[in-house]
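Step one of this worksheet: look at the structure below.
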Amino acid sequence: MCFAIPGKVVEINGNELVVDYGVEKRRVQTFFDVKEGEYVVVSNKIVVKKVPQEDALEAIKLAKEAGFSNES
Amino acid sequence: MKAEEYFFMYAFPCAHIIVERRGMSEEEHEKLKKDFLEGKRLEKERLEKIFTAAFRRIKKLAERMGRDYWDFEVIKEYWDKEHNRLIDNNEDGYEKISESLKDLCRIIVAEVVKKIDNKLIVRYNGEERLVFSDLVPEAKVGDRVRIHYAYAVEKV
């Protein structure tokens with residue numbers, strides 16, 4: 001089964017964001033308005049969609065349990 | 001279109017997630033994408049090895065349909081109906097995933113509201129998503145496209 005793992009926005013500079021995945025932080029671009037502390041799904045270093053915190057935390061927990069992460 | 005091409009078009013958006021979980025190398029991912037866009041032959045064995053979950057489900061569906069699992073009608077039925085049905089019915093692991101993330105897994109029809117280079121902002125059910133238009137380079141504002149994860153897959 002394939003599902004995306006969200007990350008937390010921890011820094012914003014214009015449309016450049018730093019997204020925290022726990023194991024690492026990644027620099028990404030966004031075309032949506034996002035606020036610090038919000039969760040996003042990213043693909044190819046661009047924000048695809050914002051995700052409610054509750055859903056994001058659940059997905060992160062599930063990913064940890066299943067033993068996969070967004071490390072690359 | 002061949003069954004392999006139709007399968008890959010809809011499965012490709014998931015490939016990047018498989019890369020991130022180290023189920024496939026970045027190199028292999030790029031090569032797959034390049035081969036597909038250049039119209040090169042995609043080997044069935046190669047696809048079955050990468051997209052194991054999809055083929056587990058397609059084989060079950062083929063049995064119910066009484067056809068070979070590489071039959072075009074089976075592959076089409078899977079992406080047209082069966083894939084979303086499994087997600088909507090919370091089957092095969094989807095019961096654990098929250099609604100907003102399941103949404104990324106579904107094949108959804110969305111309207112293009114903005115085009116930025118090879119990216120599209122699309123809208124569906126009052127939500128906005130960014131998708132890449134590499135597979136549908138001709139897509140323009142106002143078009144309706146079928147999307148899967150971070151890609152526009154086909155024009156409606």
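The sequence lines fix the lettering, A, B, ..., with proteins before strands; numbering per chain opens at 1.
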Report task. Name the region of B:L86, side chain, backbone, both or neither, that has any atom closer than 4.5 Å to a heavy atom of chain A. Result -> neither

Query raised in the report: Side chain, backbone, both or neither: which part of B:E127 has a non-hydrogen atom closer than 4.5 Å to chain A?
Result: side chain

Requested in this report: Determine, stepwise, if the pair A:L62 / B:I97 fulfils side chain to side chain contact (heavy atoms under 4.5 Å, CB included).
Outcome: CA-CA 8 Å; A:L62 179 64; B:I97 304 180; 4.1 Å; yes

Report task. Treat each ILVMFWY residue as a node, draw an edge where side-chain heavy atoms are under 4.5 Å apart, and state whether B:Y94 and B:I108 are in one component. Result -> no

Query raised in the report: Just how far is it from atom CG of B:D103 to atom CG of A:D55, taken to the nearest 0.5 Å?
Result: 10.0 Å

Query raised in the report: Quick one: do B:L61 and B:I75 end up in the same hydrophobic cluster if we chain Ile, Leu, Val, Met, Phe, Trp and Tyr together by side-chain heavy atoms under 4.5 Å apart?
Result: yes

Query raised in the report: Would you say B:M1 and B:V153 are hydrophobically clustered, going by side-chain heavy atoms of ILVMFWY under 4.5 Å?
Result: yes

Requested in this report: Inspect the surroundings of CD in B:E38 and state if more than 12 heavy atoms from other residues, nucleotides or ligands are less than 6.0 Å away.
Outcome: yes

Query raised in the report: Between CG of B:L104 and NZ of A:K49, what distance do you get to the nearest 0.5 Å?
Result: 5.0 Å

Query raised in the report: Are B:Y124 and B:Y10 grouped together when hydrophobic residues (ILVMFWY) are joined by side-chain heavy atoms under 4.5 angstrom apart?
Result: no

Query raised in the report: Given the rule that I, L, V, M, F, W and Y join up when any side-chain heavy atoms are under 4.5 Å apart, are A:V18 and A:V28 in one cluster?
Result: no

Query raised in the report: Does a sphere of radius 6.0 Å around CG in B:N125 hold more than 12 heavy atoms from other residues, nucleotides or ligands, not counting ones at 6.0 Å or beyond?
Result: no

Query raised in the report: How many angstroms lie between atom CD of B:E128 and atom CZ of A:F31, to the nearest 0.5 angstrom?
Result: 13.0 Å

Query raised in the report: Is B:E30 atom CD crowded by more than 12 heavy atoms from other residues, nucleotides or ligands, each under 6.0 Å away?
Result: yes

Query - A:K61 NZ to B:S98 OG distance, which is reported to the nearest 0.5 Å - result: 12.0 Å

Query raised in the report: Between A:V41 and chain B, which part of the residue has a heavy atom less than 4.5 Å away: side chain, backbone, both or neither?
Result: side chain

Query raised in the report: When only pairs under 4.5 Å are counted, which of A:V51, A:T30, A:I46 shares the most heavy-atom pairs with chain B?
Result: A:I46

Report summary line: Per-residue tally against chain A (heavy atom, under 4.5 Å) across B:Y149, B:Y151, B:F51 peaks at B:Y149

Query raised in the report: Is there side-chain contact between B:L101 and A:E58, with heavy atoms separated by less than 4.5 Å?
Result: no

Query raised in the report: Using a cut-off of under 4.5 Å for heavy-atom pairs, which of B:K114, B:K119, B:E99, B:K102 has the most such pairs with chain A?
Result: B:K119

